[in-house]
Trainee: 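What follows is a structure written as structure tokens; I'll ask about it next.
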Amino acid sequence: CLGENMYQRSTTQNKAKRERTHLASETLSVRSGLEKAFAECLLEAHIPFEYEHERLPYIVPSSTHRYLADFSITSRVIVETKGRLTGEDRKKMLLVRLHNPEKIIVFVFSNKNKRLYKNSPTTYAGWCEKHGFNYFDIKEVKYDPSILLKVKPIEPKTKAKRTKPKKLQDLCNPGLPSKTRSTSRSS
């Protein structure tokens with residue numbers, strides 16, 4: 001991807017009070033180092049994109065919000081770059097997808113194998129798989145940015161329904177209804 005000399009640090013602050021990184025040769029300003037690295041890959045691969053172009057509505061019970069997508073790759077594909085995936089972020093993205101089913105939301109992580117929290121059994125990648133989100137590590141995107149143009153909607157993984165374990169008497173007398181067996185004791 002493009003070299004570090006293409007960017008310069010700026011002291012411009014946005015509403016969230018985060019420092020923005022500006023692209024020296026383009027009119028692009030991003031909010032984080034990960035967004036910068038991702039934008040570099042897209043620019044180098046000549047993949048057209050719009051940064052923070054789309055605001056997608058979503059409803060948190062009893063209030064309406066608007067999500068500002070990090071990158072819009074196509075009219076359907078939006079990319080959210082995440083260094084850290086907080087519980088609040090996870091809830092928000094589930095609501096955004098619920099209220100915008102026509103969109104394909106893709107996460108690009110700085111480390112997709114990072115745990116959701118200390119000692120969590122679930123990684124960022126595992127959470128995405130469970131909830132049906134496409135995801136990539138920034139290293140994968142740097143290697144082949146065109147993978148973003150090939151994403152397709154995926155279904156969340158569903159847990160198999162648990163069935164009640166059969167009682168021993170049900171296994172021994174499969175032809176009789178349970179109530180009959182429990183009341184037909186010999187004395």
Trainee: Residues two or more places apart in sequence or in another chain: which of them pass side-chain contact (heavy atoms from CB on, under 4.5 Å) with Arg55?
Mentor: Arg66, Leu68
Trainee: Can you name the residues that form a ring-ring contact (aromatic ring centres under 6.0 Å, His included) with Phe49, not counting sequence neighbours?
Mentor: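 Result, ring-ring contact (aromatic ring centres under 6.0 Å, His included) vs Phe49: Phe71.
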Trainee: Ignoring hydrogens, what is the shortest heavy-atom contact between Val77 and Leu148? Give both atom names and the distance.
Mentor: CG1-O, 4.3 Å
Trainee: Taking all atoms of both residues into account, what is the closest heavy-atom pair of Val108 and Leu34, and its distance?
Mentor: O-CD2, 3.6 Å
Trainee: Measuring only between side-chain heavy atoms, which start at C-beta, is Val106 closer than 4.5 Å to Tyr135?
Mentor: no
Trainee: With Ser75, which residues qualify under side chain to side chain donor-acceptor pair (under 3.5 Å), at least two apart?
Mentor: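 Residues passing side chain to side chain donor-acceptor pair (under 3.5 Å) with Ser75: none at all.
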Trainee: Kindly give the heavy-atom pair with the smallest separation between Lys114 and Gly83, and that separation in Å.
Mentor: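 That closest heavy-atom pairing would be NZ-O, 4.0 Å.
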Trainee: Got a sec, which residues hit salt bridge (charged side-chain N to carboxylate O under 4.0 Å, His left out) with Lys112, two or more places apart in sequence or on another chain?
Mentor: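 By the salt bridge (charged side-chain N to carboxylate O under 4.0 Å, His left out) rule, Lys112 matches Glu140.
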Trainee: Which pairs count as side chain to side chain donor-acceptor pair (under 3.5 Å) when at least one residue sits in residues 117-128, sequence neighbours excluded?
Mentor: Trp127-His131
Trainee: Report the residues that fulfil side chain to side chain donor-acceptor pair (under 3.5 Å) with Thr64, sequence neighbours left out, ordered by chain and then residue number.
Mentor: none
Trainee: Using the test side-chain contact (heavy atoms from CB on, under 4.5 Å), find all partners of Pro156 that sit at least two apart in sequence or belong to another chain.
Mentor: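 Listed in chain order: Arg97.
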Trainee: Can you name the nearest heavy-atom pair linking Pro145 to Cys41, along with the distance?
Mentor: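 The pair with the smallest heavy-atom distance is CG-O, 3.7 Å.
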Trainee: Using the side chain to side chain donor-acceptor pair (under 3.5 Å) criterion, which residues pair with Tyr58? Sequence neighbours excluded.
Mentor: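 With neighbours one apart ignored, the set is empty.
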Trainee: List for me each residue that meets salt bridge (charged side-chain N to carboxylate O under 4.0 Å, His left out) alongside Asp89, sequence neighbours excluded, and say none if there are none.
Mentor: Lys82
Trainee: Restricting to pairs with a member in residues 98-111, which pass side chain to side chain donor-acceptor pair (under 3.5 Å), not counting sequence neighbours?
Mentor: Glu54-Lys103
Trainee: To the closest 0.5 Å, what do you measure between CZ (Arg90) and CG (Leu95)?
Mentor: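 Reported value, rounded in 0.5 Å steps: 13.0 Å.
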Trainee: Measure across Tyr51 and Arg31 and return the closest heavy-atom pair with its distance rounded to 0.1 Å.
Mentor: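 For Tyr51 and Arg31, the tightest heavy-atom pair comes out as OH-N, 3.2 Å.
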